[in-house]
Amino acid sequence: MAFPMLRSTVTLAPNATRGMATLKDIETRLKSVKNIRKITSSMKMVSAAKYARAERALKPARVYGTGAESLYTKNEFESGEDKLIVAISSDRGLCGGVHSGLGKAIKAAHAEKPITKTIIVGDKAKAILQRTMGDTFLATFNNVGKKPASFTDAINVAEEVLSHEADTVDIVYNKFINVVSYDSTTKPIPGVASIEANDAIYNYDEVDSEVLKCYQEFTLANIVYHSIREQECSEQSARMNAMENATRNAGEMIDKLTLAYNRTRQAVITRELIEIISGANALE
Amino acid sequence: YQRRVREAVVSTQSTGSSGINAEYGQVDIPSTTGHFGILPNHVPTIAILLPGVVSITTEAGDIQKFFVSSGTATIHADSTVQILAEEICDVADIDGNAARAALEASKSKLASASSEADKAAAQIEVDVYEGMVAVA
């Protein structure tokens with residue numbers, strides 16, 4: 001015996017039952033992920049273009065950089081105790097592990113032997129090192145990374161470095177290996193005092209303090225320039241890869257969400273139909 | 001006595017051109033300690049370059065001349081030479097008239113410079129253009 005149930009055939013709005021997302025929610029999510037995919041895809045293309053340019057600029061910079069450090073590589077100069085660390089990063093993120101790798105290397109060195117002097121190039125490194133090594137900052141540079149570095153930028157950094165006393169200057173940056181890999185590297189540069197103290201320098205004829213100081217200044221600027229270029233190249237390639245991954249992940253999410261959306265849509269329609277039909281049945 | 005040649009790396013930042021990296025017979029450089037020539041087995045030294053001409057003679061006898069604005073030169077015990085110039089250009093590319101005009105402009109800048117830094121910068125310009133005019 002069926003109860004004649006009077007039921008109004010109002011279509012119930014799909015409500016969140018049992019934690020299942022409503023159609024509206026999925027729709028909003030789908031739209032936002034599609035936007036994200038567009039953004040990451042265009043960021044990837046921009047990075048790819050910048051990377052191509054950075055790699056081209058890196059070639060001569062490498063020739064120049066290795067030439068500049070030839071004096072230090074061909075002769076064994078002792079690194080002094082008093083170290084000044086120059087961290088080369090940039091202001092912009094979304095580039096994978098580039099900045100955090102640098103931070104890790106510096107923190108490890110600090111744990112091994114406390115560092116008292118640092119010069120930071122780029123806001124990202126500054127943010128990473130602020131908490132633990134904030135009191136060691138002698139100078140920080142920002143506005144780094146928007147445009148490719150010029151030699152003048154390297155000169156400014158070198159001038160700042162030379163205005164502080166130190167036995168050795170360690171430049172920490174990410175060396176570019178290839179499109180998919182880079183590595184954080186530390187390049188030690190002995191200071192004038194340590195060079196003069198070393199016998200090897202006397203093999204070089206006619207070298208006095210004046211010449212050595214001038215040489216050191218120019219060489220440091222060159223080495224800094226080379227390091228900045230390597231860092232730029234590493235960063236752009238890392239950003240390119242990160243954005244590529246992000247785009248791919250976004251694509252996968254969109255596929256999953258689209259399936260969920262269609263399932264939910266069909267479920268809603270089916271539910272409405274059931275209600276209508278059962279309502280109609282009840283009226284008969 | 002075997003003549004051993006060595007590498008010279010001559011490169012520059014400004015134009016981004018890649019270094020000229022090869023083997024040479026003799027390299028002449030203008031330095032603060034005088035204009036001297038470097039042959040294989042030259043005594044190791046480091047030198048600061050003045051504005052002037054670096055001329056590179058290959059083993060075959062061809063001579064390449066470059067005007068450099070400043071830089072450093074390093075000669076190692078193994079007969080390799082690294083010459084790093086701040087700005088570089090082929091001597092053939094120097095336009096005498098443009099160089100003279102620039103020299104006049106920089107001289108007047110030197111005369112009107114007030115602070116020590118400005119004077120030093122203007123003096124450097126004058127030196128470079130004087131060097132260029134001498135070569136053009």
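Chain identifiers are assigned alphabetically (A, B, ...) following the order of the sequence lines, protein sequences preceding nucleic acid strands; residue numbering begins at 1 within each chain.
- One finds the OH atom of A:Tyr72 at 9.0 Å from the OG1 atom of B:Thr74 (value rounded to the nearest 0.5 Å).
- In this structure, chain B has heavy atoms under 4.5 Å from both the backbone and the side chain of A:Ala68.
- Applying the salt bridge (charged side-chain N to carboxylate O under 4.0 Å, His left out) rule to pairs touching residues 234-247 of chain A yields A:Lys44-A:Glu244, A:Glu235-A:Arg239, sequence neighbours excluded.
- Scanning for ring-ring contact (aromatic ring centres under 6.0 Å, His included) contacts around A:Phe176 gives A:Tyr51, with sequence neighbours left out.
- For a residue to count as touching a neighbouring chain, one of its non-hydrogen atoms must lie under 4.5 Å from one of that chain's; by this rule A:Ile155 touches chain B with the side chain only.
- Remark: A:Lys187 NZ is packed, more than 12 non-hydrogen atoms of other residues, nucleotides or ligands lying under 6.0 Å away.
- When the shell of 6.0 Å around NZ of A:Lys147 is examined, it contains 12 or fewer heavy atoms from other residues, nucleotides or ligands.
- Contact annotation for A:Phe218: only side-chain heavy atoms (C-beta onward) come within less than 4.5 Å of a heavy atom of chain B.
- Counting all heavy atoms, side chain and backbone alike, A:Leu212 lies closest to B:Ile46 at CD1-CD1, 3.6 Å.
- Counting non-hydrogen atoms of other residues, nucleotides and ligands closer than 6.0 Å to NZ of A:Lys117 gives a total above 12.
- Separation of atoms NZ (A:Lys213) and CD1 (B:Ile48) is listed at 11.0 Å; rounding is to 0.5 Å.
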